[in-house]
Amino acid sequence: MSERFIEVPYRMLPGETLDALLETFVTRQGYDTTDTGEGMRGWVTELKRQLERGELLIAHDLRTETTEVMTLAQWRGFGRDLADDEEEG
């Protein structure tokens, strides 16, 4: 079960793919796209900053073959540590 999710470094994704994932995350989380003054683009820009700071990550579910944006808390909720911490195993 612990091998179900793998972290995908966001820098490895093509820009269009990353933007689509972030837009889906914004929609699913119910963010108000009028908050930023730039609509969806403003949220995508903010989420990219959060990825850079390590507050969000992208995880691929090997069971369902889906890729999701997750908060660090969600990732840890699945019993996972960041990839840097898993190298020892």
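The residues of the chain are indexed from 1 along the displayed sequence.
The side chain to side chain donor-acceptor pair (under 3.5 Å) test applied to T66 returns T64, not counting sequence neighbours. Partners of T27 by side-chain contact (heavy atoms from CB on, under 4.5 Å), not counting sequence neighbours, listed by chain and number: M40.
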Which donor-acceptor pairs under 3.5 Å do the side chains of residues 9-18 make with protein atoms, sequence neighbours left out?
none

Give every donor-acceptor pair under 3.5 Å between a side-chain atom in residues 52-59 and any protein atom, sequence neighbours left out.
| from | atom 1 | to | atom 2 | distance (Å) |
| --- | --- | --- | --- | --- |
| R53 | NE | E55 | OE2 | 2.9 |
| R53 | NH2 | E46 | OE2 | 3.4 |
| R53 | NH2 | E55 | OE1 | 3.1 |

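In this structure, the separation between CE on M70 and CG on D61 is 7.0 Å, given to the nearest 0.5 Å.
The list of salt bridge (charged side-chain N to carboxylate O under 4.0 Å, His left out) pairs with a residue in residues 19-28, not counting sequence neighbours, reads D19-K48, R28-E68.
Side-chain contact between W43 and F25: absent, with no pair of heavy atoms (C-beta onward) separated by less than 4.5 Å.
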